[in-house]
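In what follows, a single structure is set out as structure tokens and then discussed.
For clarity, every value in this text was computed on a predicted model and none was experimentally measured.
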Amino acid sequence: MSNRDMNNPAMEEEDEGDVFLGESDVLHEIDVDGEDLPDAYDEDDNDNDNEDEVFDENDDSVHTFTGHKGELYALTCSPLDPTLVATGGGDDKAFLWKIGNGDWAAELPAHKDSVSSLAFSYDGQLLASGGLDGVVQIFDASSGTLKCVLDGPGSGIEWVKWHPRGHIVLAGSEDCSMWMWNADKEAYLNMFSGHNQSVTCGDFTPEGKLICTGSDDGSLIVWNPKTCESIHVVKGKLNSLPLLVFTCCCRMLTFGFHVGHPYHTEGLICLDINSNSSLAISGSKDGSVHIVNIVTGKVVSSLSSHTESVECVKFSPSSATIPMAATGGMDKKLVIWDLQHSTPRFICEHAEGVTCVSWIGTSKYLATGCADGTVSVWDSLLGNCVHTFHGHQDAVQSISVSANTEFIVSVSVDHTARVYDTSEFQNKME
């Protein structure tokens, strides 16, 4: 009511008492279907609406990819195109998509089981996908066109890696073997046999001359990729195995173990190789972390801090003046190690288990993915958390940093991939 109406005595009189409508006051009758009427107010519905609003407010991502219909396991960012990302998961599918371009996405030909691993070649031209169906598929990274299907392993693919200077692809399998192919020629090169359980992790050394693999049998093997021969087999003393016969390239080769060294007593989950190809760091189900000299095959350091399985290990960038490594475990810890003294520099607590870790380029910052759905950025020189990104509604399975280091991409059990802006975390190692 306006001020003019409030000061009008006649209006005050009309407002007093009940007001009734007569038939003469009805202008027009409209038939209304009951289905067209709004639902009655529901307090529970209102609460759900509020929850959605809170979720949106707590989503720090600058881009969300929702093309998958199942849990996401695999993730990789292109080494050249800072916007190109590949993701794969439990819906048996892999997608190529671009950060900041919601209109561009390529669904790749599906595997017959979950996509467990993805990797771009060193030049960004090719993408490899490994599936629990036991095959590796090779795609043109720019178009998503399938180039070839590489088979051989008798069980699921655990991981895929590329040679650092060529289109040679490597894959570890649940059937205890490792396979190598030439992707350009679509040709089988070698099959490596020596582990007696699933080959859970592995890679070429950065110089490309050797291969390191870890297994659920608790061993690490250093291989010659040309001859298919094992150079060193590292196995814990408590679980040392008898002499094994290795079958490789239709030849029988016999090698002994380096026994007596302190090493993992349970299966390896993860490994990483330092930039000069001299050291391999590995994490295990038993909570232990060990460093092996790749040249000698000797365990040179044992890092003790974790009390549960170690899910991720990473050496610091080569630019670091202090050699460091980062390890994350289900004991809710990120540990930043001083490798000169084999001691923790910092122990960084999380709300839940740490599932993945990645250094942000050559900066002093590193990122962790957590089972509570968060992605956190840490200053490795100070040991403090500088930012925590929210958005996922379930555990983060993997993280990857874009080629220009301006974005972190994460994939989760919640069926989504999310992108977070990390452009402010670019300070170099001091």
Tell me the closest heavy-atom pair linking [X] and [Y], and the distance in Å.
X	Y	answer
D59	R418	OD2-NH1, 2.7 Å
S78	F120	N-CE1, 3.4 Å
Y73	S398	O-CB, 4.1 Å
S143	A106	O-CB, 4.4 Å
A141	L96	O-CD1, 3.5 Å
S215	S198	OG-O, 3.0 Å

Steps toward side chain to side chain contact (heavy atoms under 4.5 Å, CB included) verdict (I221, F192): CA-CA 10 Å; I221 300 180; F192 303 76; over 6 Å; no
Below 4.5 Å, heavy atoms only, C-beta onward: do [X] and [Y] meet side chain to side chain?
X	Y	answer
H111	S129	yes
H415	K69	no
W179	L150	no
H167	Q125	yes
M324	L381	yes
L210	I273	no
W159	S117	yes
M178	M191	no

Please confirm whether the backbone N or O of [Y] pairs with a side-chain atom of [X], one donor and one acceptor, at under 3.5 Å?
X	Y	value
H195	Q197	no
T355	G369	yes
E174	S155	no
S275	S318	no
D81	G124	no
S282	L271	no
E158	G202	no
S114	L132	no
D414	Q393	yes
S358	S400	no

Would you check, one step at a time, whether the test side chain to side chain contact (heavy atoms under 4.5 Å, CB included) holds for I281 with L303? CA-CA 10 Å; I281 185 171; L303 309 178; 4.3 Å; yes
Do we see a donor-acceptor contact under 3.5 Å between the side chains of [X] and [Y]?
X	Y	value
T66	T416	no
N274	N276	yes
H290	S302	yes

Nearest 0.5 Å, please: how far is [atom2] in [Y] from [atom1] in [X]?
X	Y	atom1	atom2	value
E424	I360	CD	CD1	9.5 Å
S121	D184	OG	CG	9.0 Å
I336	W378	CD1	CH2	8.0 Å
L108	T145	CG	OG1	9.5 Å
L339	I322	CG	CD1	10.5 Å
D331	E311	CG	CD	10.0 Å

Step by step, would you call V354 with C370 a side chain to side chain contact (heavy atoms under 4.5 Å, CB included)? CA-CA 5 Å; V354 179; C370 185; 5.6 Å; no
Only pairs at least two apart or in different chains count here, so list each salt bridge (Lys or Arg N to Asp or Glu O under 4.0 Å) that has a residue in residues 374-403. K364-D379
Filter on salt bridge (Lys or Arg N to Asp or Glu O under 4.0 Å), then keep only pairs touching residues 95-115, sequence neighbours left out; what's left? K93-E107
Could you tell me how the ring of H387 sits relative to the ring of F425: parallel (under 30°), tilted (30 to 60°) or perpendicular (over 60°)? tilted
Classify the ring geometry of H68 against F65: parallel below 30°, tilted from 30° to 60°, perpendicular beyond 60°. perpendicular
Give every residue pair that meets the ring-ring contact (aromatic ring centres under 6.0 Å, His included) criterion with at least one member in residues 295-342, sequence neighbours excluded. none
ring-ring contact (aromatic ring centres under 6.0 Å, His included): which pairs involve residues 131-158, sequence neighbours left out? none
Basic-acidic side-chain contact under 4.0 Å: K285, D216: yes
Would you sort out whether T362 and T405 count as a side chain to side chain contact (heavy atoms under 4.5 Å, CB included), showing the intermediate values? CA-CA 9 Å; T362 58; T405 70; over 6 Å; no
Identify, with sequence neighbours excluded, every residue that meets side-chain hydrogen bond (donor to acceptor under 3.5 Å, both in side chains) alongside D286. T265, S284, S288
Residues that S402 engages under side-chain hydrogen bond (donor to acceptor under 3.5 Å, both in side chains), provided they are two or more places apart: N404
